[in-house]
There are 2 protein chains.
Amino acid sequence: MQQEAKIFKALADDTRLRILALLLDVELCVCEIMAALELPQSTISRHLAYLRNSGWVLDRRQGVWMYYRLNNNEHLLVNEIIPLLTNHLAKKSAHTVALKKLRNFQKEQGHQAC
Amino acid sequence: MQQEAKIFKALADDTRLRILALLLDVELCVCEIMAALELPQSTISRHLAYLRNSGWVLDRRQGVWMYYRLNNNEHLLVNEIIPLLTNHLAKKSAHTVALKKLRNFQKEQGHQAC
DNA sequence: TGACCATATCCGCTTTAGCGGATATGGTTA
DNA sequence: TAACCATATCCGCTAAAGCGGATATGGTCA
């Protein structure tokens with residue numbers, strides 16, 4: 001069951017849950033997540049690497065930017081948990097605050113990439 | 001989301017998943033879990049305390065024995081995860097081996113309590 | 001009451017994991 | 001090529017968590 005423990009371990013951290021809550025909606029790049037959560041770049045990057053290694057997200061390079069999105073194809077268990085996260089995390093105030101900061105950041109950027 | 005992180009943290013350990021896999025079926029006492037998993041008593045007891053504190057199980061004293069069972073009433077999220085655990089853990093060989101050891105132990109005990 | 005048993009908690013230890021500033025990497029633009 | 005930018009990784013540190021033998025607790029039975 002170490003496989004399953006690994007999947008749940010990724011969810012056993014508040015920062016990673018906040019990142020996942022954002023990625024439930026859309027693909028985002030690192031600087032957008034930084035802006036939404038107001039955490040240092042190394043912290044965000046480290047947690048994203050963790051989520052990638054545990055099968056939760058996929059990344060994609062576009063020029064200088066790295067985009068991260070949910071990985072729906074790796075584990076059945078992950079796929080089954082995703083709807084639960086959607087239900088339980090979306091209503092959290094920590095999430096709505098993060099979403100607002102994300103929108104502000106995107107507005108400041110004037111819709112140019114990242 | 002610390003509440004949710006706490007719930008998932010309880011699942012982020014192989015030993016606790018093995019304990020929960022057993023409790024998905026039935027209520028068990030500590031010595032039965034020890035026999036099924038072949039782990040020292042302090043280890044089992046510590047993890048059971050962890051599962052109780054994170055809302056996953058309830059305990060009940062019967063004479064000298066402590067019985068543990070799933071807690072279906074604490075968190076909606078827990079309730080929604082339980083069926084996923086049933087699906088994904090029951091087929092694991094680690095679980096079927098543990099179940100066999102549990103049966104053997106119960107047979108040796110000749111159906112007297114624990 | 002005292003001996004005994006199941007379980008919980010304590011203890012010292014080791015391992016794991018998180019943090020964030022500093023540095024490395026690797027793609028882009030001039 | 002060089003300067004620059006976004007991101008990844010390194011590093012030293014601290015806090016959290018797991019381990020299992022030893023001890024404490026609290027219920028039971030004689």
Side-chain angles (χ1 to χ4, degrees), chain A residues 1-2 5-20 22-23 27-54 56-69 102 105-106 108-109 112-114, chain B residues 1-2 5-20 22-23 27-54 56-69 102 105-106 108-109 112-114:
Chain A
M1 311 184 180
Q2 271 130 339
K6 188 178 172 190
I7 290 173
F8 287 120
K9 220 170 275 212
L11 304 179
D13 177 274
D14 193 59
T15 302
R16 286 195 292 273
L17 281 183
R18 291 167 69 203
I19 292 175
L20 281 177
L22 291 168
L23 295 178
E27 184 185 62
L28 293 173
C29 82
V30 177
C31 58
E32 289 174 311
I33 299 172
M34 285 172 58
L37 301 187
E38 290 181 321
L39 286 171
Q41 184 264 324
S42 65
T43 295
I44 299 290
S45 196
R46 176 164 33 83
H47 282 298
L48 284 169
Y50 197 115
L51 289 170
R52 177 162 26 78
N53 291 334
S54 54
W56 275 94
V57 303
L58 293 173
D59 57 3
R60 171 177 75 85
R61 176 178 285 281
Q62 181 170 319
V64 177
W65 300 283
M66 290 295 295
Y67 283 86
Y68 285 84
R69 63 185 186 284
L102 173 62
F105 176 78
Q106 290 170 331
E108 285 170 15
Q109 300 298 103
Q112 65 226 26
C114 205
Chain B
M1 311 184 182
Q2 272 130 340
K6 187 178 172 190
I7 289 173
F8 287 120
K9 218 169 276 210
L11 304 179
D13 176 274
D14 194 59
T15 302
R16 286 195 291 273
L17 281 184
R18 293 167 69 203
I19 292 175
L20 281 177
L22 291 167
L23 295 179
E27 183 184 62
L28 293 173
C29 81
V30 177
C31 58
E32 290 175 310
I33 299 172
M34 284 173 58
L37 301 187
E38 290 182 321
L39 285 171
Q41 184 264 324
S42 65
T43 295
I44 298 291
S45 194
R46 176 165 33 82
H47 283 297
L48 283 169
Y50 197 116
L51 290 170
R52 176 164 25 77
N53 290 334
S54 54
W56 275 95
V57 303
L58 293 173
D59 58 4
R60 170 176 76 84
R61 178 179 283 281
Q62 181 170 321
V64 177
W65 300 284
M66 289 295 296
Y67 283 86
Y68 285 85
R69 64 186 186 282
L102 173 62
F105 176 77
Q106 290 172 329
E108 285 169 16
Q109 300 298 104
Q112 65 225 27
C114 206

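Chain letters run A, B, ... following the sequence lines, proteins first and then strands; every chain starts at 1. No experiment lies behind these values; they were computed from the predicted model shown.
- Side-chain atoms of B:Ala49 lie closest to C:dT9 of the nucleotides D:dT7, C:dT9, C:dT7.
- OP1 and OP2 of C:dT7 both lie 4.0 Å or more from every side-chain N or O belonging to B:Ser45.
- Relative to the side chain of A:Lys9, the nucleotides C:dA17, D:dA17, C:dC19 differ in distance, and C:dA17 lies closest.
- Between B:Arg46 and C:dT9 there is no side-chain N or O to OP1 or OP2 distance below 4.0 Å.
- B:Arg61 has its CZ atom 8 Å from the C1' atom of C:dA6, to the nearest Å.
- If you measure from atom CD1 of B:Ile19 to atom P of D:dC19, you get 9 Å, rounded to the nearest angstrom.
- Taking each heavy atom of A:Leu11 and A:Leu17 in turn, the nearest pair found is O-CG, 3.5 Å.
- Judged by distance alone, with hydrogens and angles left aside, the side-chain atoms of A:Arg16 form a donor-acceptor pair with the main-chain N or O of A:Lys9 at under 3.5 Å.
- Regarding A:Tyr67, its OH atom lies at a distance of 14 Å from the C1' atom of C:dG27, rounded to whole Å.
- Across the protein-nucleic acid pair, A:Lys6 atom NZ and C:dT16 atom C1' stand 15 Å apart, rounded to whole Å.
- Of the side-chain N and O atoms in A:Thr43, none sit less than 4.0 angstrom from OP1 or OP2 of C:dG21.
- D:dT7 atom C1' lies 16 Å from atom CG of A:Leu39, rounded to whole Å.
- A straight line from CG of B:Asp59 to P of D:dG26 spans 14 Å, rounded to a whole angstrom.
- A sub-4.0 Å separation between OP1 or OP2 of C:dA8 and a side-chain N or O of B:Tyr68 is present.
- With D:dA8, D:dG27, D:dC5 as the choices, the nucleotide that has an atom nearest any side-chain atom of B:Val64 turns out to be D:dG27.
- Among all heavy-atom pairs drawn from A:Leu37 and A:Thr15, the shortest one is CD1-O, 4.4 Å.
- Side-chain N or O atoms of B:Arg61 include one that pairs as donor or acceptor with a backbone N or O of B:Gly63 at under 3.5 Å.
- Taking 4.0 angstrom as the limit, A:Arg16 places a side-chain polar atom (N or O) nearer than this to OP1 or OP2 of C:dG18.
- Spacing between atom CG of A:Asp14 and atom P of C:dA17 amounts to 17 Å, rounded to whole angstrom units.
- An OP1 or OP2 oxygen of D:dC19 is reached within less than 4.0 angstrom by a side-chain nitrogen or oxygen of B:His47.
- Residue A:Arg52 contributes atom CZ, which lies 13 Å from atom P of D:dT7 at whole-angstrom precision.
- Between the side chain of B:Gln41 and the base of C:dA6 there is no donor-acceptor pair of N/O atoms closer than 3.5 Å.
- Regarding contacts with the backbone of C:dG20, every side-chain N or O of A:Ser42 stays at 4.0 angstrom or more from both OP1 and OP2.
- In terms of modelled atom types and a separation under 3.5 Å, the side chain of B:Ser54 and the main chain of B:Tyr50 share a donor-acceptor contact.
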